[in-house]
Amino acid sequence: MSGSSPGSIERLLGEREIVIACGPGGVGKTTTAAAAAAIAASRLGGDVLVLTVDPARRLADALGLKGLGNQVTPVPPEVFQAAGETPLGTLSAAMLDTKQSWDALIGEHAPDEATRDRILHNPLYQNITERFIQSHDYIAMERLYELHSSGSWDLIVVDTPPTRNALDFLDAPARLADFFSSRLLRWLIAPSRSTLLGIASKPFTQVADRILGTQFLADITEFFVSLQSMYDGFVERANAVSRLLADERTSFMVVSTSETVPLREAEFFATELATRGLDIGAVVLNKVLPTSLSDPDALAATRRLAQRTPEMTAALAARLDVDASVLDRVLETVTESFEDFAVVARREASSRERFPLGGATLLTVPQLDRDVHDMEGLLTLGSYLLGS
Amino acid sequence: MIPLAERSLIFVTGKGGVGKTSVAAGLAQMLAFQGRSVLGCEVDAKGDLAAAFEAPPSGFTPVSAGENLSLMAMDTEASLREYLKLNLKIPIIGRIGPLARAFDFVATAAPGVKEILTVGKLCYEVRERHYDTVVVDASATGHIVGQLAAPQAINELVKVGLIRSQTDWMLDILSDPRQCGLVIVTTPEEMPVAETVELAAKVAEETTVELAAVVVNRVLPERFSPRAEAVFDRLSSHEGIDALSEVLGADSASVVGAAALATTMRRSRVQHMNTLRAGLPAGTPLVLVPYLFQRADGHRATRQLALHLAEEIDR
Ligand SMILES: Nc1ncnc2c1ncn2[C@@H]1O[C@H](COP(=O)(O)OP(=O)(O)OP(=O)(O)O)[C@@H](O)[C@H]1O
Ligand SMILES: Nc1ncnc2c1ncn2[C@@H]1O[C@H](COP(=O)(O)OP(=O)(O)OP(=O)(O)O)[C@@H](O)[C@H]1O
Ligand SMILES: [Mg+2]
Ligand SMILES: [Mg+2]
């Protein structure tokens with residue numbers, strides 16, 4: 001692809017401390033993040049960690065993540081050797097389990113055991129950690145911050161979940177900070193830790209009470225009162241994560257396919273990142289169809305094939321020693337098949353041309369004819385990223 | 001099982017990117033073609049559903065997007081406003097700003113509130129019979145259970161109050177297979193299939209909504225019969241390609257290569273289809289939608305999907 005300059009992805013993976021793979025759903029974020037981490041560890045060296053979200057089972061197995069949940073697990077060098085590679089550095093992997101991460105966070109930062117237990121046993125807590133969408137985004141950022149500040153990794157490649165709004169996870173720390181320092185929250189819990197009656201006189205509470213019921217409000221209040229001792233920590237870390245994402249240690253890798261809808265979303269995403277002053281190191285267009293589909297010679301051959309004479313078919317059938325009428329049908333199908341895919345390839349190529357790159361490097365990764373679920377596949381994909 | 005087309009509230013979900021919006025649009029278009037009045041509602045408000053009809057992005061108030069078809073986008077704040085207006089009849093409408101912010105707070109703190117405002121609005125449209133069918137381009141696999149189970153969750157968490165009393169009739173609609181059904185869209189690939197099987201189990205366990213169908217989208221056409229396949233294998237050998245190139249007088253490696261790619265992709269998908277069939281509850285209708293080569297987005301593609309869906313669903 002014309003826009004790609006192999007040097008810059010090497011710099012991205014070799015010089016940044018955090019690279020975040022993001023983009024629309026199902027385009028290959030998890031695979032690309034793992035491939036980038038694997039190739040960086042192998043060819044560029046250093047201690048590399050991939051922080052992944054719901055990888056396909058076989059990919060998790062390939063990374064040695066079987067059932068290990070939240071723990072950081074080193075990928076044994078033998079895994080690379082089996083794929084014919086001698087890595088310069090090391091690769092580790094961790095999966096993100098929202099519930100476990102929240103429990104660990106509360107466990108670590110609660111001021112005392114009583115508060116910890118009160119939080120862990122509050123009926124709302126279970127709900128919040130398991131169901132509450134944004135709690136996932138927040139905890140991912142919290143976890144990234146923790147891993148980064150441990151200083152154990154030269155590069156952390158982060159996979160992101162398919163969020164309803166691809167940017168939710170970016171806003172999560174700020175939103176949480178906002179939320180915890182909001183007047184509303186302080187107002188709800190501060191004046192009357194013990195007497196809900198005190199706030200029941202406020203108009204909001206009256207309305208809320210009619211709609212939600214007193215007990216529910218009391219549960220909410222109790223929950224946040226318990227959390228209060230941890231606010232400052234939350235806010236402080238949320239702010240620190242926001243700073244980390246914004247400075248030159250972090251870069252984003254927007255992943256997409258070349259289909260219309262995902263590409264539109266990727267474009268929106270790239271614009272939003274730019275608006276926030278965040279750095280887009282690369283745009284990866286995954287699952288690109290073979291370039292031969294738009295090759296003029298191939299088109300010419302297809303045209304000849306479509307106009308073949310019965311004599312040509314008969315001659316070919318004789319040479320290959322197959323039935324001529326079956327061969328005729330096969331040739332028909334081959335022609336159709338090429339034309340079908342060529343249409344898609346052309347459409348996708350023109351969508352790619354239109355994609356506004358800004359200053360980012362464009363990388364294309366071909367559609368492989370099988371799923372990517374082992375080290376060999378990851379390294380193959382990674383090599384395409386490096387442009388080799 | 002109650003036919004899909006007879007249900008009045010259809011949720012369409014699936015893993016990210018599998019074609020939820022395309023299928024929801026196709027389904028809405030199919031029903032509208034059949035003469036039903038249809039409301040299409042986009043829950044994630046990305047504007048993709050409207051784009052599938054080449055209509056401008058819709059808001060909370062439904063707008064027409066063709067014969068028998070209206071579109072809206074979910075907006076929980078607007079839903080709350082409507083709800084308060086209908087139910088409280090107290091003079092807070094002017095001060096909705098601070099109240100909405102307050103509710104944003106409660107909604108952030110209390111999971112289920114946003115979900116109930118979404119599901120509640122959809123059920124309300126069904127209860128009031130404003131349309132024959134409401135087709136929902138719903139949240140992705142990860143969030144749909146939380147949404148569909150919200151009325152129950154609220155029912156358990158909230159013991160009294162207006163919301164609590166409201167959840168009862170919502171549950172009646174959601175639990176009634178003659179009224180409500182869930183469609184999971186998938187593609188014949190590893191992850192989407194795994195998520196579909198998992199979701200089907202979770203929906204059965206944690207919600208009262210019936211799984212009405214699984215739509216397998218982007219199915220590649222079966223190109224060769226077994227006999228033809230043997231001939232194709234011969235053709236795609238080195239010898240075969242050389243012979244073809246000679247006969248045509250043009251290099252034919254790429255041409256055969258494209259067919260070979262299509263064939264391997266199709267073959268690798270067969271196992272995923274088998275996993276899907278084995279993993280779903282017996283009797284779940286499977287609806288296959290072909291890969292659209294010519295055009296995959298916009299109103300033309302939506303019409304095509306509608307035709308494919310109608311063909312498959314009628315069988
Ligand atoms: N270049 C490629 N060629 C062939 N298959 C690929 C390629 N890239 C990814 N895949 C396959 O596509 C599927 C989806 O990839 P992946 O899980 O990485 O997507 P994702 O963007 O992380 O999805 P989600 O948004 O659901 O998290 C996987 O089965 C993977 O093996
Ligand atoms: N049958 C099909 N054949 C070819 N392309 C398709 C088909 N169905 C959908 N697509 C294409 O796949 C892409 C994703 O489809 P769509 O937006 O409907 O998915 P989605 O599940 O709603 O995605 P999201 O999770 O982002 O909301 C679009 O570019 C669409 O045009
Ligand atoms: Mg993923
Ligand atoms: Mg969609």
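Just so it is clear: chains get the letters A, B, ... in the order the sequence lines come, proteins before strands, and each one is counted from 1.
Only the side chain of B:E246 has a heavy atom closer than 4.5 Å to any heavy atom of chain A. With a threshold of 4.5 angstrom between heavy atoms, A:T302 approaches chain B through its backbone and through its side chain. Interface remark: A:P262 contributes no atoms to any contact with chain B (heavy atom separation under 4.5 Å). Proximity to chain A (any heavy atom under 4.5 Å) is restricted, for B:A51, to the side chain, taken from C-beta onward. For B:F232, the parts lying under 4.5 angstrom from a heavy atom of chain A are both the backbone and the side chain. For A:E339, no part lies under 4.5 angstrom from a heavy atom of chain B. For B:D297, the part sitting under 4.5 Å from any heavy atom of chain A is the side chain, from C-beta outward, and nothing else. Using a 4.5 Å cut-off between heavy atoms, B:A243 contacts chain A through both its backbone and its side chain.
Under 3.5 Å, the side chains of B:T187 and B:E189 contain a donor-acceptor pair of N or O atoms. Side-chain contact annotation: B:S252 with B:S245, donor-acceptor N/O pair under 3.5 Å present.
In terms of heavy-atom pairs under 4.5 Å with chain B, the best-connected choice from A:T30, A:V322, A:T333 is A:T333. Taking chain B as the reference chain and counting heavy-atom pairs below 4.5 Å, the highest number among A:T335, A:D340, A:V343 is found for A:D340. Ranked by heavy-atom pairs under 4.5 Å with chain B, the first of A:R347, A:R329, A:E259 is A:R347. Heavy-atom pairs under 4.5 Å with chain B were tallied for A:D321, A:V330, A:L305, A:V261; the largest tally goes to A:V330. Of the listed residues (A:L299, A:D323, A:L316), the one with the most heavy-atom contacts under 4.5 Å to chain B is A:L316. Chosen from B:M265, B:K15, B:M191, B:E190, the residue pairing most often with chain A at heavy-atom distances under 4.5 Å is B:E190. Chosen from B:V18, B:L220, B:V256, B:L235, the residue pairing most often with chain A at heavy-atom distances under 4.5 Å is B:L235. The candidate from B:L292, B:L248, B:V247, B:T264 with the greatest count of non-hydrogen atom pairs under 4.5 Å with chain A is B:L248. Chain A forms the most heavy-atom pairs under 4.5 Å with one residue out of B:G249, B:G257, B:A194, and that residue is B:G249.
Counting non-hydrogen atoms of other residues, nucleotides and ligands closer than 6.0 Å to CZ of B:R227 gives a total of 12 or fewer.
Remark: B:E42 does not engage B:K20 in a salt bridge, criterion side-chain N to carboxylate O under 4.0 Å. Comment: B:D48 engages A:R264 in a salt bridge, judged by a side-chain N to carboxylate O separation of less than 4.0 angstrom.
Counting heavy atoms from C-beta on, the side chains of A:H373 and A:T31 never come closer than 4.5 Å. B:V231 has its side chain out of reach of A:L320: every pair of non-hydrogen atoms, C-beta onward, lies at least 4.5 Å apart. Using a 4.5 Å heavy-atom cutoff, the side chains of A:S258 and A:V288 are in contact.
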For a side chain to side chain contact (heavy atoms under 4.5 Å, CB included) check, start with the C-alpha distance between B:D44 and B:T21, then their side-chain angles and the critical distance, and finish with the verdict.
CA-CA 10 Å; B:D44 65 9; B:T21 303; 5.7 Å; no
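In this structure, CG on B:D137 lies 8.0 Å from NZ on B:K46, to the nearest 0.5 angstrom. With values rounded to the nearest 0.5 angstrom, A:K287 atom NZ is found 11.0 Å from A:S256 atom OG.
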